[in-house]
Each structure stands twice: as C-alpha cells, then as structure tokens.
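Whatever order the structure lists ligands and atoms in, that order sets their numbers, starting from 1. If you're wondering where the values come from, they're calculated on a predicted model, not measured in any experiment.
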Amino acid sequence: MLLAVDCGNTNTVFSIYDGEKFIALWRTATDWKRTADQYYVWLNTLMRLQGIEADITDMIVSSTVPRVVFNLRVLADRYFNTRPLVVGKPECLLPVSVRVDEGTAVGPDRLVNTVSGFDTYGGNLIVVDFGTATTFDVVAEDGAYVGGVIAPGVNLSLEALHQAAAALPHVDISKPQNVIGTNTVACMQSGVFWGYVGLVREICARIKAERAVPMKVISTGGLAPLFQQSADLFDAYEDDLTMHGLQIIHKYNKENGTDA
Ligand SMILES: Nc1ncnc2c1ncn2[C@@H]1O[C@H](COP(=O)(O)OP(=O)(O)OP(=O)(O)O)[C@@H](O)[C@H]1O
Ligand SMILES: CC(C)(CO)[C@@H](O)C(=O)NCCC(=O)O
Ligand SMILES: [K+]
C-alpha cells in the first residue's frame with residue numbers, strides 16, 4: 001500500500017491507497033519538530049481506531065517545508081522499510097516538463113497540482129489552490145508547468161490585518177451579505193472575501209489573455225467552494241487534487257524510474 005503525504009505550510013495530510021483504491025486520510029498541523037516515532041504512533045493509533053490493516057510498502061512525499069522531509073524519511077526507513085519518493089528531488093521523475101527560469105525551485109505542491117490537473121482535464125489549465133498561499137499554476141497544452149502566480153492566502157490576509165492593527169480582531173472568513181460592512185468584522189470579511197473574488201477573476205483573465213488560448217480554471221483547497229458559490233470563478237472543483245497527483249507521480253516512477 002502507498003502512504004502519500006502532502007505537507008503544506010499549515011497542514012499535513014496523510015493518505016493511504018491500496019493500488020488506486022482510497023483507504024483513509026488524516027490531517028495534522030505541520031510541525032517540522034515532529035519525529036518519525038511521533039508520526040508512527042499517531043498513524044498507528046488512527047489506523048487501529050478505524051480497524052485499518054495497512055501494509056505500507058511505498059511512500060511519496062510533497063513538502064513545501066523542506067525541513068519536514070528529514071523526519072518523514074526516517075519514518076519511511078524505520079517503520080515501513082522503504083525509501084520515499086520526494087517530489088522536486090531529481091530522482092523523482094515527473095510526467096510533465098517544467099518550463100521556468102533556470103535555478104527556480106517550483107513548490108512541489110504546484111508540480112503535483114499540475115500533474116493531477118493535466119491527468120484529469122488535459123492541458124491549457126489554470127489550477128487555483130487555496131492553501132496557506134493562494135497559488136495559480138499555469139499548465140500548457142502539453143501538461144508542462146509554465147509558471148503562475150502566488151498571492152497571500154485567505155486566512156493569512158485576515159490574520160495579517162489582526163496582527164498589524166491593534167483594533168482589528170481575529171476573524172474567520174465567511175461570505176458577507178453585503179459589500180458595505182456596518183461593523184468591524186463585516187468590514188474585514190468584506191475586504192478579504194470580495195477582494196479575493198476580484199483577485200481570482202482578474203488574475204485568471206490576465207493569464208488567459210497572456211496565453212491567448214481557451215483555458216479551464218480548476219480550484220482546490222478547503223475554501224474554494226465558498227468562492228465558487230458567489231461568483232462563476234471556476235470550471236471545476238477538485239477536493240483531492242493533490243492526493244490524486246501524488247498517486248500518479250508514484251505510479252509513473254514505478255513504471256519509469258530506476259530506484260523507486
Ligand atoms: N468554510 C471554511 N471557513 C473557514 N475556513 C475553512 C473553511 N473550509 C476550510 N477552511 C480552512 O481553509 C484552509 C484551507 O485548507 P487547505 O488544506 O486547502 O490548506 P492549508 O492546510 O491551510 O494550507 P497548506 O496546504 O498550505 O498547509 C484550512 O485551514 C481549513 O481549515
Ligand atoms: C507558494 C507555496 C508556499 C504554496 O504552498 C509553495 O508552493 C512554495 O513554497 N513554493 C516555492 C516557490 C514557487 O513555487 O515558485
Ligand atoms: K494544500
């Protein structure tokens with residue numbers, strides 16, 4: 001069975017697959033100090049609670065936090081007796097090419113989203129991921145990652161207001177009824193919510209104009225549905241885009257790699 005790990009700056013998601021069959025998914029806060037032993041106890045407890053007998057033979061990791069990878073490698077080695085594939089490392093092959101400035105390290109989550117989007121929808125895509133940052137990945141006709149956009153994440157924007165201004169409280173995102181807020185919380189929600197609707201629309205329009213081909217816009221991440229409800233921003237929403245991509249990259253390396 002495959003253990004796929006998607007480690008973002010805020011949350012880390014672990015998923016187990018038996019071939020292409022989804023078995024389980026668990027989420028934890030990302031913490032680079034967590035040791036291999038801690039991961040294992042946590043995973044093992046959850047598996048037992050759900051009566052899952054998982055024989056992990058393979059592991060693949062996408063991590064936007066480089067120092068988390070060390071302990072995940074130890075986890076793979078010590079408890080599953082395997083070497084993990086780490087997206088972005090030279091030994092991890094990708095089924096698509098990456099056309100960016102020389103020396104640029106593209107976030108592995110963006111590469112995985114590119115692979116996954118291309119597999120499901122074909123080329124000429126914009127993948128919008130609402131994570132810690134909001135990223136736009138531009139996928140060419142042939143599936144290549146050709147660049148994109150990085151904007152501050154929705155929760156990060158709200159948190160930045162709270163951190164920087166003494167009178168602004170901590171606020172969770174929600175869709176405001178009106179654009180004109182009549183209290184502080186409503187004003188902040190309006191600024192971030194409608195600001196984001198505008199940001200997504202403007203950036204996608206400009207990407208499409210720059211590429212000069214028809215493109216589909218695919219969204220992923222927990223907050224995507226909230227934005228889709230309010231405006232026609234996306235052609236499709238995928239809640240397991242990243243996990244699907246990890247599975248495809250793992251399979252591709254099994255078939256084409258030298259050491260995986
Ligand atoms: N309706 C909602 N209202 C407020 N927050 C939400 C809602 N739905 C999901 N979220 C939050 O949105 C965030 C986005 O989730 P996602 O897993 O896509 O990214 P993340 O974990 O924040 O970022 P990263 O992948 O970079 O670690 C999560 O923190 C999740 O708790
Ligand atoms: C932009 C984030 C933080 C989004 O998770 C991640 O993809 C990242 O750290 N990227 C590195 C820079 C880049 O993708 O160009
Ligand atoms: K993510």
* To do: Could you establish whether Thr132 and ligand 2 come within less than 4.0 Å of each other, counting only heavy atoms on the residue side?
  => no

* To do: Kindly check if the number of other-residue, nucleotide or ligand heavy atoms within 6.0 Å of CG (Asn183) is above 12?
  => yes

* Asked: Do any nitrogen or oxygen atoms of Gly107 come within less than 3.5 Å of a nitrogen or oxygen of ligand 2?
  -> yes

* Asked: Can you list the atoms of ligand 2 that are under 4.0 Å from a heavy atom of Asp109?
  -> 4 (C), 5 (O), 6 (C), 7 (O)

* Asked: Asn9 heavy atoms, cut-off 4.0 Å: which ligand 2 atoms fall inside?
  -> 3 (C)

* To do: For the residue pair Asn253 and Cys92, establish whether any side-chain heavy-atom pair is separated by less than 4.5 Å.
  => yes

Which atom pairs, one a donor and one an acceptor, fall under 3.5 Å between side chains of residues 197-216 and the rest of the protein, sequence neighbours left out?
| unit_1 | atom_1 | unit_2 | atom_2 | d |
| --- | --- | --- | --- | --- |
| Glu202 | OE2 | Arg206 | NE | 2.6 |
| Glu202 | OE2 | Arg206 | NH2 | 3.2 |

* **Leu49 atom CG: more than 12 heavy-atom contacts under 6.0 Å** => yes

* To do: Would you mind running through ligand 2 and noting each atom that sits below 4.0 Å from a heavy atom of Thr135?
  => 1 (C), 4 (C)

* To which residues is Val74 joined in a hydrophobic cluster, defined by side-chain heavy-atom contacts under 4.5 Å among Ile, Leu, Val, Met, Phe, Trp and Tyr, whether direct or through other members? -> Phe70

* Go through ligand 2 atom by atom and flag the ones less than 4.0 Å from a non-hydrogen atom of Thr64. => 5 (O), 6 (C)

* Taking N or O atoms only and a 3.5 Å limit, does Thr104 qualify as a polar contact for ligand 2? -> no

* To do: Compute the minimum heavy-atom distance from Ala105 to ligand 2 and say whether it is under 4.0 Å.
  => yes

* Do Phe130 and Phe227 have their ring centres less than 6.0 Å from each other? -> yes

* Asked: Phe14 and ring pair (Phe, Tyr, Trp, His ring centres under 6.0 Å): which partner among Tyr40, Trp26, Tyr39?
  -> Tyr39

* Asked: Numbering the atoms of ligand 2 from 1, which are under 4.0 Å from a heavy atom of Val106?
  -> 14 (O)

